[in-house]
2 protein chains.
Amino acid sequence: MNDELSTRDRLIQAATRLFRQRGYDGTGLSEILAEAGVPKGSLYHHFPDGKADLACAAADWTASEIIRVIDDSFRAAPDWRHGVTTFCYKMAKLFDILNSADACPIFGLLFEGPDQDRFRAQAEQSFDRIIAAAARHGEALGLSPEAAHDAAETFIIGFQGSWTLARTRRKSDVLRGLPARLYGPA
Amino acid sequence: MNDELSTRDRLIQAATRLFRQRGYDGTGLSEILAEAGVPKGSLYHHFPDGKADLACAAADWTASEIIRVIDDSFRAAPDWRHGVTTFCYKMAKLFDILNSADACPIFGLLFEGPDQDRFRAQAEQSFDRIIAAAARHGEALGLSPEAAHDAAETFIIGFQGSWTLARTRRKSDVLRGLPARLYGPA
DNA sequence: ATGCTACTAGACCAATCGGTCTAATGCTGG
DNA sequence: CCAGCATTAGACCGATTGGTCTAGTAGCAT
């Protein structure tokens, strides 16, 4: 499917997709290998610590993707609410493309796994990178640094909860309704 | 530890605790059995479909516990915000008792697992039961049915996101700060 | 006591798990 | 052409997985 990607990238993307669908422990190494079309030896060459290494790489890659969507959403936004709303709509579209059953791309793959603290630290870092990216746009739109950080944190919290509810109900509306929930009717 | 509990209840509670810590796929049947002090035969007697049955029972039990906390929190509350705030403080305390690493008691154990749709349906039902319980208190405090349902949904969404952030940071403050985040400074 | 049901007990199973290891195969600079 | 490194390839490993099955025990009704 993605012949031009490097072996390493094919592994990361296959792992990301499968972890999101079935979780860390629910995904077998053999599934990842099959989906990526890569033999076992290559995995341990690129990721010496095996599955755990791969999961951290996948989490990092995912965070970067999310930040890209955030930046896209705020590029032409006249104010905070517009940026946030665009982001919600983009993510709702993604939600519908994935079959509405996957975990939140942001945090779905970040927990679980035997090496608790490594994953927790990875999650914290990814979380903070995402919040910082959103806060930066808040500042650019005139908010004070503290207000921007707070707004970003509140929004990401709401987004995380909304994705969960959207998933149980299989309805992306919950995501699109988040701005109204947080900031009142448009 | 809990000698007076029935075999069935000991299984449910051991499973709840372990699923919350390590997730569904991350928890082995043998761990649950050891923690509950129950042989394998008993499990399949009480839960013919095995692990999946047990997980659904655990989810159901957890939802009931959460509703109990909600009812407690609103018992003496003069208004919505007070009830919600009490709930957040109670849950923050629980968060500190668990070693701040567990998944949200409400939704941590509801996803993942091979039988996707069964678990999803179970999650949806639990989610709605919890929201309905909160909404009932909103109505009792004078909100219209629609307003109460909406307030409850918004709050649970925020709570779910807050627990996730609290977990990555290992700081229960995030939970206690939720009312201010949603409704402004006290 | 007897027969019946509810439950406990754990040996046993095939399948799969994550991980290691050796051999072969490019690919590169000399 | 060859030496040497990076990478691929997959056979193989012990451990553990969820699940089945048979045997035994406890408690109750008759």
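In the text below, chain A, chain B and the rest are named by the order of the sequence lines, each starting its count at 1. All values below were derived from every heavy atom in this structure, side-chain atoms included, with hydrogens, water molecules and symmetry-related copies excluded.
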Q: Distance check, rounded to the nearest 0.5 Å: A:Leu178 atom CG versus A:Met91 atom CE?
A: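 Interatomic distance, A:Leu178 CG to A:Met91 CE, rounded to 0.5 Å: 11.5 Å.
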Q: Rounded to whole angstrom units, what separation is found between the CG atom of A:Leu33 and the P atom of C:dG18?
A: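 In whole Å, C:dG18 P lies 10 Å from A:Leu33 CG.
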Q: Check every atom of D:dG18, C:dT20, C:dA9 against the side chain of A:Tyr44 and return the nucleotide holding the closest atom.
A: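 Between D:dG18, C:dT20, C:dA9, the one nearest the side chain of A:Tyr44 would be C:dT20.
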Q: Any side-chain N or O of B:Thr7 under 4.0 Å from OP1/OP2 of C:dT8?
A: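 Indeed, a polar side-chain atom of B:Thr7 lies that close.
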Q: Rounded to the nearest angstrom, tell me the gap between atom CG in B:Leu11 and atom P in C:dC7.
A: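 Those two atoms, CG and P, are 13 Å apart.
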Q: Name the closest nucleotide to the A:His45 side chain, picking from D:dG19, D:dT8, D:dT17.
A: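 Closest of the options to the side chain of A:His45: D:dT8.
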Q: Any ion pair linking A:Glu65 and A:Arg68 (charged N to carboxylate O, less than 4.0 Å)?
A: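 A salt bridge links A:Arg68 with A:Glu65.
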Q: What does A:Gly41 touch in the nucleic acid at a heavy-atom separation under 4.0 angstrom: a base, only the sugar-phosphate, or nothing?
A: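 Base contact - A:Gly41 has a heavy atom under 4.0 Å of at least one base atom.
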Q: For A:Ser30 and C:dC17, is the shortest distance between a side-chain N/O and OP1 or OP2 below 4.0 Å?
A: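 True: A:Ser30 side-chain N/O within range (under 4.0 Å) of C:dC17 OP1/OP2.
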Q: Using the rule given for side chain to side chain contact (heavy atoms under 4.5 Å, CB included), can you reason through B:Arg170 versus A:Glu124, listing the C-alpha separation, both sets of side-chain angles and the distance that settles it, and then say yes or no?
A: CA-CA 9 Å; B:Arg170 284 185 298 200; A:Glu124 184 173 12; 5.6 Å; no
Q: Give the rounded distance in Å between these two atoms: CD of A:Glu31 and C1' of C:dG18.
A: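 Value for this atom pair: 13 Å.
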Q: Which residue, B:Lys40 or A:Lys40, contacts DNA chain C at a nucleotide closer to its 5' end, judged by nearest heavy atom?
A: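 So the residue in question is B:Lys40.
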Q: Salt bridge between B:Arg10 and B:Glu35, side-chain N to carboxylate O under 4.0 Å?
A: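 Not counted as a salt bridge, because no side-chain N and carboxylate O are separated by less than 4.0 Å.
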Q: Within this structure, what is the CD1-to-P distance between B:Ile32 and D:dG18, rounded to whole angstrom?
A: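 Whole-Å distance recorded here is 7 Å.
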Q: Measure CG/A:Asp53 against C1'/C:dG18 and give the value in whole Å, please.
A: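 Value for this atom pair: 13 Å.
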Q: Write down the distance between NZ (B:Lys51) and P (C:dT16), rounded to a whole number of angstrom.
A: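 Taking atom P of C:dT16 as the reference, NZ of B:Lys51 is at 15 Å.
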Q: So with a 6.0 Å cut-off around NE2 of A:His82, is the heavy-atom count from everything else above 12?
A: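 Open: at most 12 neighbouring heavy atoms sit under 6.0 Å from NE2 of A:His82.
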Q: Rounding to an integer number of Å, can you tell me how far A:His46 NE2 sits from D:dT8 C1'?
A: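 Interatomic distance, NE2 of A:His46 to C1' of D:dT8: 9 Å.
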Q: Whole angstrom is fine here: how far is it from CZ in B:Phe47 over to C1' in C:dT8?
A: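 So the two atoms are 15 Å apart, to the nearest Å.
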